[in-house]
Colleague: 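Let me give you the structure first, and then I'll get to my questions.
Lettering follows sequence order; numbering is per chain, from 1. As the structure is a prediction and not an experimental result, all values here were calculated from the model. What you see below is based on every heavy atom in this structure, not just the backbone, and it leaves out hydrogens, waters and symmetry mates.
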Protein chains: 2
Amino acid sequence: MNPTEEKILDAAEEIFMKKGYDGSRMQAIADLAGINKAMLHYYFRSKDKLFERIFETKFQGFFPTVETLINNENNFTDKVCTFAEQYTRFLIKNPYLPHFILNTIQKNPEFAKKLPHHIPQMLIMSYMEDCQNGLCKVMNPAQLFISIFGMCIAPFMGKPLFVSLLGANDEDFNELVEMRAVDIEEQIRAILKP
Amino acid sequence: MNPTEEKILDAAEEIFMKKGYDGSRMQAIADLAGINKAMLHYYFRSKDKLFERIFETKFQGFFPTVETLINNENNFTDKVCTFAEQYTRFLIKNPYLPHFILNTIQKNPEFAKKLPHHIPQMLIMSYMEDCQNGLCKVMNPAQLFISIFGMCIAPFMGKPLFVSLLGANDEDFNELVEMRAVDIEEQIRAILKP
DNA sequence: GTCTATATCTGGATAGAC
DNA sequence: GTCTATCCAGATATAGAC
């Protein structure tokens with residue numbers, strides 16, 4: 001790919017992720033990319049188009065790859081615990097992702113169209129199976145998934161709150177989230193224990 | 001209070017809550033209030049000032065009143081379960097609140113200044129006490145609070161996702177969250193069980 | 001393909017009549 | 001206190017030279 005195009009995409013990603021669509025300025029993206037504003041339009045025509053390009057890419061990354069869940073041939077509880085740990089580690093590297101995705105979708109629900117519906121389907125089946133074998137507590141799977149989703153994104157959604165409430169700095173917080181990647185397993189197992 | 005002022009505040013609340021600061025237009029607020037743009041400036045001087053006014057009010061509501069937790073003289077687990085249920089019911093009536101608050105703070109961390117630090121302090125002490133009496137599982141209280149926080153806000157942060165993934169409509173979703181106000185207790189108890 | 005200059009429009013804010 | 005008309009900064013987008 002054209003190196004200029006790539007610089008633009010990198011810059012756009014950083015700005016859009018941090019500030020959202022409304023809060024981002026084409027000038028800021030151009031500055032960060034070290035090129036001129038006109039080039040943005042030359043390569044991507046409009047702010048809308050550029051944003052969509054970034055969103056598409058990031059949106060896919062927001063959902064865990066199916067491999068994570070399938071390649072792990074254990075029972076449902078193991079699957080979910082592995083997922084939660086890996087997903088937390090993934091979000092540590094992409095801390096702005098939950099805010100960016102959820103906020104964009106909330107203001108613009110049509111962005112949620114291309115969702116990977118097969119993932120929850122698959123998980124529900126796996127859960128049901130283990131339930132019938134007495135390996136999991138019986139509950140509404142939707143409530144379960146919402147909780148796990150919340151437990152995974154919470155530290156990144158509320159980071160400024162936690163940092164302030166705990167009187168912590170960025171380093172402390174990173175340490176806390178690193179530990180969380182491990183600690184979260186025990187909490188999920190507790191919820192799922194029959 | 002002046003009825004015009006009140007109309008403005010109501011309109012501003014609705015627009016700001018849904019669209020955030022950057023996405024909101026003074027014109028939209030004026031239209032919704034059924035008055036002229038100039039009046040907004042007459043009463044609140046600037047968009048910034050008007051926004052801060054709304055944020056201050058909503059920010060306080062985002063944190064549970066201490067009474068909820070203190071008046072309930074039971075053990076820590078009961079306290080937290082009662083809180084989670086009541087807080088979920090509160091958020092059902094204020095579904096945009098988590099997005100609005102967390103997004104504003106993320107883009108503008110100084111808004112997180114006036115946090116009620118005594119609430120977590122109090123909760124931690126209550127948790128520690130019950131731990132020593134063998135009533136709660138021992139864990140990092142920060143991890144516990146992050147999880148409960150996440151479990152409470154998750155449905156409202158991810159509503160468009162869940163609606164789409166579950167093939168649900170708004171009514172189904174409301175029903176799901178109503179049930180959640182009850183179901184969440186069992187999950188929290190499981191996590192806290194020694 | 002990259003730049004400068006400029007067109008065009010939008011949105012926050014103000015002036016001034018009533 | 002409420003309105004209309006207007007100003008002006010800032011943002012997207014385009015024209016056109018190189």
Colleague: Of all of residues 17-34 of chain B, which get a heavy atom below 4.0 angstrom from DNA chain D, listed by number?
Modeller: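 None - not one residue of the stretch has a heavy atom sitting under 4.0 Å from the strand.
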Colleague: Go through the structure and list residues passing salt bridge (charged side-chain N to carboxylate O under 4.0 Å, His left out) with Glu56(A), not counting sequence neighbours.
Modeller: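 Partners of Glu56(A) under the salt bridge (charged side-chain N to carboxylate O under 4.0 Å, His left out) test: Lys114(A).
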Colleague: Report, one line per pair, each donor and acceptor closer than 3.5 Å where one atom sits in a side chain of residues 151-169 of chain A; sequence neighbours left out.
Modeller:
from, atom 1, to, atom 2, distance (Å)
Asn169(A), OD1, Glu171(A), N, 3.0
Asn169(A), OD1, Asp172(A), N, 2.8

Colleague: Rounded to the nearest Å, what distance is computed from the NZ atom of residue Lys37(A) to the P atom of nucleotide dT8(C)?
Modeller: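 Lys37(A) atom NZ is separated from dT8(C) atom P by 16 Å.
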Colleague: Given 3.5 Å as the limit, does a donor-acceptor pair link the side chain of Lys47(A) with the main chain of Ser24(A), or not?
Modeller: yes
Colleague: What is the separation between atom CD1 on Ile15(B) and atom P on dG12(C), rounded to the nearest whole Å?
Modeller: 12 Å
Colleague: Which pairs of donor and acceptor atoms, one on a side chain in residues 27-34 of chain B, lie under 3.5 Å apart (sequence neighbours left out)?
Modeller:
from, atom 1, to, atom 2, distance (Å)
Gln27(B), NE2, Asp31(B), OD1, 2.9

Colleague: Listed in order of residue number, which residues of residues 46-55 of chain B have a non-hydrogen atom at under 4.0 Å from DNA chain D?
Modeller: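 Close to the strand, none.
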Colleague: Between Ile146(A) and Phe63(A), is there a shared hydrophobic cluster once you connect ILVMFWY residues whose side-chain heavy atoms come closer than 4.5 Å?
Modeller: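 Cluster IDs for Ile146(A) and Phe63(A) match.
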Colleague: Give a yes or no on whether Lys7(A) atom NZ has more than 12 heavy-atom contacts from other residues, nucleotides or ligands under 6.0 Å away.
Modeller: yes
Colleague: Backbone N or O of Glu110(A) within a donor-acceptor pair of the Asn108(A) side chain at under 3.5 Å?
Modeller: no
Colleague: Using heavy-atom distances to pick each residue's nearest nucleotide on DNA chain D, tell me which of His41(A) and Thr4(B) is more 5'.
Modeller: Thr4(B)
Colleague: Return yes if some donor-acceptor pair links the side-chain N/O of Lys58(B) with the main-chain N/O of Leu97(B) below 3.5 Å, else return no.
Modeller: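 Absent.
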Colleague: Classify Tyr43(B) by what it touches in the nucleic acid, base, sugar-phosphate, or nothing, heavy-atom distance under 4.0 Å.
Modeller: sugar-phosphate
Colleague: Looking only at atom types and distance, does a side-chain atom of Ser126(A) sit under 3.5 Å from a main-chain N or O of Met122(A), one as donor and one as acceptor?
Modeller: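 No; judged by distance alone, with no hydrogens or angles, the pair does not exist.
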Colleague: What range of DNA chain D does chain B touch, first nucleotide to last, counting atoms under 4.0 Å from its heavy atoms?
Modeller: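 Result: dG1(D) to dT4(D).
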Colleague: Short question: side chain of Asn75(A), backbone of Thr77(A) - any donor-acceptor pair under 3.5 Å?
Modeller: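 Yes; at least one donor-acceptor contact below 3.5 Å.
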